[in-house]
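Here is the structure we will look at, set down as structure tokens.
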Amino acid sequence: LSTLVFAEIYNFPNNFIWGAASASYQIEGAWNVDGKIPSIWDTASHKNNSSIRDGSTGDDAGMSYYYYEKDIQALKDIGFEVYRFSIAWTRILTKANQVNQKGIDYYNKVIDGLLDVGIQPLVTMYHWDLPQYLQDLGGWTNPAIVKYFEVYADTLFASFGDRVEEWITFNEPKTFCNGGYGEGWDAPEIKTAHANVYHLYKNKYFTKQQGKVGICLDTTFSFPANENVTDELVDKAMHFSLGRYANPIYSADGDYPSVMREAIDQRVKMKGEDALNYYTSNLIKPSLNPADSDSEIDSSFDPSWKRSASSWLVSVPEGLYHLLLWIKDHYNNPLVYITENGWSDLPMTTEDDGRVEYLREHLATMSRAITDGCRVEAYTVWSLTDNFEWMKGYTERFGIYAINFTDPERPRIPKKSVDLMKQVVRDNFVEV
Ligand code: PNW
């Protein structure tokens with residue numbers, strides 16, 4: 001007896017680009033090798049009683065620093081055409097901002113190895129592993145970092161730009177700013193938002209103490225240099241200097257100054273695609289305790305949404321469809337690369353039916369969004385292999401290949417989802 005299964009087929013454009021994604025600290029290991037300097041994740045994972053769930057570190061991880069050829073082979077076995085990986089800033093420049101040739105050599109080997117088998121590199125410059133010495137200067141809260149980042153980026157373009165055609169500056173600024181510097185649940189685990197302290201005072205102390213909490217902003221006043229300079233230009237200069245901080249806090253619309261946003265928009269429009277990471281969705285409603293958050297929005301999960309091994313990750317394929325259409329409608333239908341999308345399971349699951357189902361359903365909604373006019377051109381699944389999942393250590397696994405982190409050879413063991421991706425890359429359709 002056989003069961004009849006009625007499957008829907010969802011197609012993808014012929015030139016659609018398939019691949020997988022990873023990040024340096026999560027896979028490389030070799031944390032103190034060949035001139036690499038410490039990053040904030042070395043610091044976070046090495047400190048006593050670290051906040052990492054299993055007390056683990058990325059000191060060795062999947063050892064991609066030594067076994068990058070296994071990663072390339074794993075990509076090739078599926079037939080992938082693009083590999084999104086990140087470069088560790090801490091391998092490229094020394095504390096004195098000198099180029100570390102051994103770090104350059106490593107990424108040259110990765111890039112050339114990929115190109116040799118016809119896989120395009122898609123390079124993230126910053127996936128959270130900030131040099132510790134820059135954090136000691138304030139990290140992303142110190143405006144001087146802009147120059148440091150520019151020197152680093154310059155080194156990358158000069159060293160790899162002859163072969164790397166696609167770059168991503170930052171992975172998830174919302175997450176690393178809020179996690180690292182706002183709520184403190186990611187390295188460098190700093191909790192410093194003005195808004196947090198303001199609300200703390202308002203909620204907990206104000207009734208009793210009746211004081212005020214403000215912020216100290218600095219600015220020059222901008223005078224017109226001659227009579228041809230308009231008042232609008234004066235206003236614009238003031239908004240670039242003061243308004244960028246003051247408007248979100250004090251202005252009626254509570255937003256960044258529109259004149260600044262428009263000027264920046266114009267420059268951004270020069271070129272570029274949107275690299276988008278989508279994992280999950282939530283239900284929202286007006287907050288019952290408005291004081292708890294600036295947005296005054298509460299969010300929750302629908303009980304019917306399937307749960308992964310990660311508490312924050314539930315499967316909502318429709319969310320990807322709606323997100324892609326929202327982007328199309330709000331940003332003039334830009335080119336979109338889905339640079340992360342994936343599912344977590346427990347260590348050493350290779351029968352990863354949950355992931356197979358998640359990927360099938362998300363690829364299907366992506367196909368529907370493309371049919372409805374969205375310009376999605378590439379998809380890289382998170383992640384190629386199991387890896388160091390930040391504060392969750394090795395307790396949650398995102399790979400389509402499993403890794404046993406106690407095996408010195410770190411073989412990349414295909415999970416069932418590898419077969420799914422092989423089929424999708426070969427046929428350019430997914431069945432649901
Ligand atoms: C990503 N969300 O972060 C990171 O880029 C990866 O390094 C990480 O391993 C992966 O997720 C899995 O956790 C996310 O808002 C940040 O849904 C935010 C969200 C999801 C993932």
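Just follow the structure's listing: the first ligand is 1, and inside any ligand the first atom is 1. Bear in mind the structure is a predicted one, so any value in this text is a computation, not a measurement.
- Remark: minimum distance from atom 15 (O) of ligand 1 to any protein heavy atom is reached at Lys174 NZ, 4.4 Å.
- Salt bridge annotation for Glu318-Arg368: present, with a cationic side-chain nitrogen under 4.0 angstrom from a carboxylate oxygen.
- Judged by distance alone, the side chains of Ser45 and Tyr25 do bring a donor and an acceptor atom under 3.5 Å apart.
- Heavy-atom separations between Trp128 and ligand 1 include at least one value shorter than 4.0 Å.
- Of the protein's heavy atoms, Glu340 OE1, 3.2 Å lies nearest to atom 1 (C) of ligand 1.
- The protein heavy-atom contact nearest to atom 14 (C) of ligand 1 is Glu172 OE1, 3.1 Å.
- Of all atoms in ligand 1, numbered sequentially from 1 with element shown, those under 4.0 Å from a heavy atom of Thr280 are 17 (O).
- Scanning the protein heavy atoms around atom 9 (O) of ligand 1, the nearest turns out to be Glu389 OE1, 2.7 Å.
- Protein heavy atom in closest approach to atom 18 (C) of ligand 1: Thr175 OG1, 3.5 Å.
- Among all protein heavy atoms, the one lying closest to atom 19 (C) of ligand 1 is Trp312 CZ3, 4.1 Å.
- Under 4.0 Å from ligand 1, the heavy atoms of Asn171 that appear belong solely to its side chain.
- Between Val314 and Ser281, the closest heavy-atom pair is CG2-O, 4.0 Å.
- Looking at Glu166 and Arg84, no side-chain N of the basic residue comes within less than 4.0 Å of a carboxylate O on the acidic one, giving no salt bridge.
- Close to ligand 1: His127, with a non-hydrogen atom less than 4.0 angstrom away.
- Residue Gln26 places a heavy atom less than 4.0 Å from ligand 1.
- With Asn100 contributing its side chain and Arg91 its backbone, the two residues share a donor-acceptor pair below 3.5 Å.
- The protein non-hydrogen atom at the shortest distance from atom 10 (C) of ligand 1 is Tyr279 OH, 3.3 Å.
- Applying the ring-ring contact (aromatic ring centres under 6.0 Å, His included) test to every pair with at least one member in residues 403-432, sequence neighbours left out, gives these pairs: Tyr394-Phe405.
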query: Going through the checks in order, is the ring pair (Phe, Tyr, Trp, His ring centres under 6.0 Å) test met by Phe170 and Trp128?
result: CA-CA 8 Å; Phe170 294 105; Trp128 307 357; over 10 Å; no
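- Salt-bridge formation is detected for the pair Lys415/Asp386: a Lys NZ or Arg NE/NH1/NH2 atom is positioned less than 4.0 Å from an Asp or Glu carboxylate oxygen.
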